[in-house]
Amino acid sequence: MKLIFLGPPGAGKGTQAAGVSAHLRVPHISTGDMFRSAISNGTPTGLEAKRYMDAGQLVPDSVVIDMVRERLAMDDCANGYLLDGFPRTVEQAEALDGISAPDAVVEINVPDERLLARLTGRRVCQKCSGTYHISKLTDEKVCPVCGGALIQRDDDKPETIAKRLQVYHDQTSPLIGYYQAQDKLRVIDVASLATVDGDSRPEDVFKAILASLE
Ligand code: ADP
Ligand code: ZN
């Protein structure tokens, strides 16, 4: 199964992708995670990506496309992939169609005002890349899963968040029409899954995603 998760920053793509990739036994490939690890390893790609990421902008298409092409050529992608955070532009989507076209595209749709609350409270584990919201943590500095240090990503600062949401609407949301035209789009409307506290439960989103793929 070759799958893409599409949705704005903070939609829960990373969390859901981890569960769904394990369920489908295909690798979870997050271009954001790949860039963050390139940055911490000090590679040339990391150095180039960092200035764009810190500004809330997209890394140039050629850089991302080359990185994804190499990743998809690896043995563990023989049975498919789950791409999280790629493609983010029509040019990237066209390139992917030439490399290894997806079977289905899951759009996780969340209203902007929800996203803002989620992103400003988001913390990431430096060790296992798990993401958490401060409202659900007893200790804001320690990963409840592996004990690693929790940090706020540089691009989760309020000014950068606004920029990233705008970039999503301008550059990435055209992909919804692109994949709709190919008849591959499955829409998960997270607002319709919300409970009384106004947000949806991750396990309900997970079920809805699997149902949409049947
Ligand atoms: P989020 O989905 O929370 O915005 P990601 O971890 O997917 O975060 O990406 C973080 C940053 O990495 C993006 O804001 C962008 O600068 C860069 N990036 C990740 N994937 C891509 C991509 N496919 N094309 C261009 N830039 C990307
Ligand atoms: Zn951890």
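Note: hydrogens, waters and symmetry copies are ignored here, and every other heavy atom, side chains too, is used. Order of listing sets the numbers, starting from 1, for every ligand and every atom in it. What you see is a predicted model; the values in this text were computed from it and never measured.
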Shortest protein contact, [atom] (heavy atom only):
| atom | value |
| --- | --- |
| atom 24 (N) of ligand 1 | Gln92 NE2, 2.9 Å |
| atom 1 (P) of ligand 1 | Arg164 NH2, 3.4 Å |
| atom 15 (C) of ligand 1 | Gln57 O, 3.5 Å |
| atom 17 (C) of ligand 1 | Met53 CG, 3.7 Å |
| atom 19 (C) of ligand 1 | Arg88 NH1, 3.4 Å |
| atom 20 (N) of ligand 1 | Thr31 OG1, 2.8 Å |
| atom 8 (O) of ligand 1 | Arg153 NH2, 3.1 Å |
| atom 26 (N) of ligand 1 | Val59 N, 3.0 Å |

Taking the side chain as every heavy atom from C-beta outward, state whether [X] and [Y] have any atom pair closer than 4.5 Å.
| X | Y | value |
| --- | --- | --- |
| Arg88 | Thr31 | yes |
| Pro87 | Tyr179 | yes |
| Val205 | Ile209 | yes |

Atom CZ of Arg123 and atom CG of Leu137: how far apart are they, to the nearest 0.5 Å?
8.5 Å

Closer than 2.8 Å to the Zn ion (ligand 2) - protein N, O or S atoms, ordered by chain and residue number:
Cys125 SG, Cys128 SG, Cys143 SG, Cys146 SG

If we only count N/O pairs under 3.5 Å, is [X] in contact with ligand 1?
| X | result |
| --- | --- |
| Ser30 | no |
| Val64 | no |
| Phe86 | no |
| Asp155 | no |
| Tyr52 | no |

Passes salt bridge (Lys or Arg N to Asp or Glu O under 4.0 Å), Asp154 versus Arg36? Steps please.
CA-CA 11 Å; Asp154 285 339; Arg36 280 184 287 277; over 6 Å; no

Restricting to non-hydrogen atoms, name the atom on Cys146 and the atom on Cys143 that form the minimum distance, rounded to 0.1 Å.
N-SG, 3.3 Å

Should Arg118 be listed as contacting ligand 1, given a heavy-atom distance under 4.0 Å as the test?
no

Can you tell me if Arg36 contacts ligand 1 (heavy atom of the residue under 4.0 Å from the ligand)?
yes

Sidechain N-carboxylate O distance under 4.0 Å for Arg71, Asp76:
yes

